[in-house]
Amino acid sequence: MRFQDLALGVILLGSTTANAANASRPFWSMEAKIGQFTSELDDWDTYYGSSHSDQFTLATAFKFVRFAEFGVEVARVRDHGKGQLPLNGTTSGDVTIELYPVQAYVTLRALFTERQWIVPYVGGGWTRMYYKTRISGEGTREGSVDGNHVRAGLQILLDPLGRSDAANLRRYGIEHSYLIIEGQKITAKDDTTGLDIGGTTTSIGVLLEY
């Protein structure tokens with residue numbers, strides 16, 4: 001499974017439904033976020049030198065009512081480090097890990113007017129965490145684990161900060177744009193090992209409503 005394919009799927013899903021939006025209010029949104037992923041695995045920083053790894057996320061959502069939406073999200077976490085030999089404390093081969101959380105979620109937003117500056121939100125749903133690890137000289141291991149997640153954050157309306165830019169975006173069907181600040185917690189335990197390969201993400205991004 002390639003991240004590029006997942007990302008393209010999210011973009012196509014959003015773009016092919018743009019014409020379905022009613023002019024009276026936005027029905028769809030797309031967002032892109034960057035952030036820091038902190039793994040639940042205790043030895044993550046031992047292998048990769050830090051407890052944090054970069055994460056990139058794309059999502060699209062349908063707003064079935066103005067304050068609630070159903071969304072699909074894909075993300076990528078990738079890090080590189082050195083494997084450790086626990087008996088003598090020396091390093092083994094190069095280690096690369098890739099995580100691909102694929103999520104379906106429902107979000108509830110405290111939205112009361114179209115021009116509301118700050119919109120708090122909470123949500124959660126189903127997660128499938130795909131993973132791939134490569135150790136030089138030892139091959140590749142990959143698989144997936146099902147789990148769930150919760151999220152909370154703030155959407156900050158950008159329209160008043162650039163009214164001419166907002167007017168130009170509306171010509172292309174973009175009704176509102178927001179800055180997103182979000183925290184997310186994923187739980188994804190492997191049934192065989194009992195290990196939780198989920199983690200916590202703090203991210204910032206941009207959301208477009210149309």
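Since we're looking at a predicted model, the values are computed, not measured.
With sequence neighbours excluded, the residues satisfying side chain to side chain contact (heavy atoms under 4.5 Å, CB included) with Gln55 are Phe37, Thr57, Ala75, Val77, Thr201. Residues forming a side-chain hydrogen bond (donor to acceptor under 3.5 Å, both in side chains) with Thr127 (at least two apart in sequence, or on another chain): Gln103, His149. The side chain to side chain contact (heavy atoms under 4.5 Å, CB included) search around Ala152 returns Val122, not counting sequence neighbours. Under the rule for a side-chain hydrogen bond (donor to acceptor under 3.5 Å, both in side chains), the partners of His176 that lie at least two apart in sequence or sit in another chain are Glu114, Asp159. Listed by chain and number, the residues in a salt bridge (Lys or Arg N to Asp or Glu O under 4.0 Å) with Lys189 amount to none (sequence neighbours excluded). A search for salt bridge (Lys or Arg N to Asp or Glu O under 4.0 Å) contacts involving Glu182 returns Lys33, Arg151, not counting sequence neighbours. Residues that satisfy the salt bridge (Lys or Arg N to Asp or Glu O under 4.0 Å) test with Arg109, not counting sequence neighbours, are Glu209. With sequence neighbours excluded, the residues forming a side chain to side chain contact (heavy atoms under 4.5 Å, CB included) with Gln116 are Leu111, Phe112, Thr113, Val119, Pro120, listed by chain and number. Scanning for side chain to side chain contact (heavy atoms under 4.5 Å, CB included) contacts around Phe64 gives Phe62, Ala68, Phe70, with sequence neighbours left out. Residues that satisfy the salt bridge (Lys or Arg N to Asp or Glu O under 4.0 Å) test with Asp146, not counting sequence neighbours, are Arg128. Contacts of Tyr48 classified as ring-ring contact (aromatic ring centres under 6.0 Å, His included), with partners at least two apart in sequence or in another chain: Trp44.
The closest side-chain heavy-atom distance from Asp196 to Thr187 is below 4.5 Å.
By the rule that hydrophobic residues join a cluster once side-chain heavy atoms approach within less than 4.5 Å of another member, Leu154 and Leu179 end up as members of one cluster.
Identified under the salt bridge (charged side-chain N to carboxylate O under 4.0 Å, His left out) test for residues 38-47, with sequence neighbours left out: Glu40-Lys185.
Residue Arg66 places its CZ atom among more than 12 non-hydrogen atoms of other residues, nucleotides or ligands, all under 6.0 Å distant.
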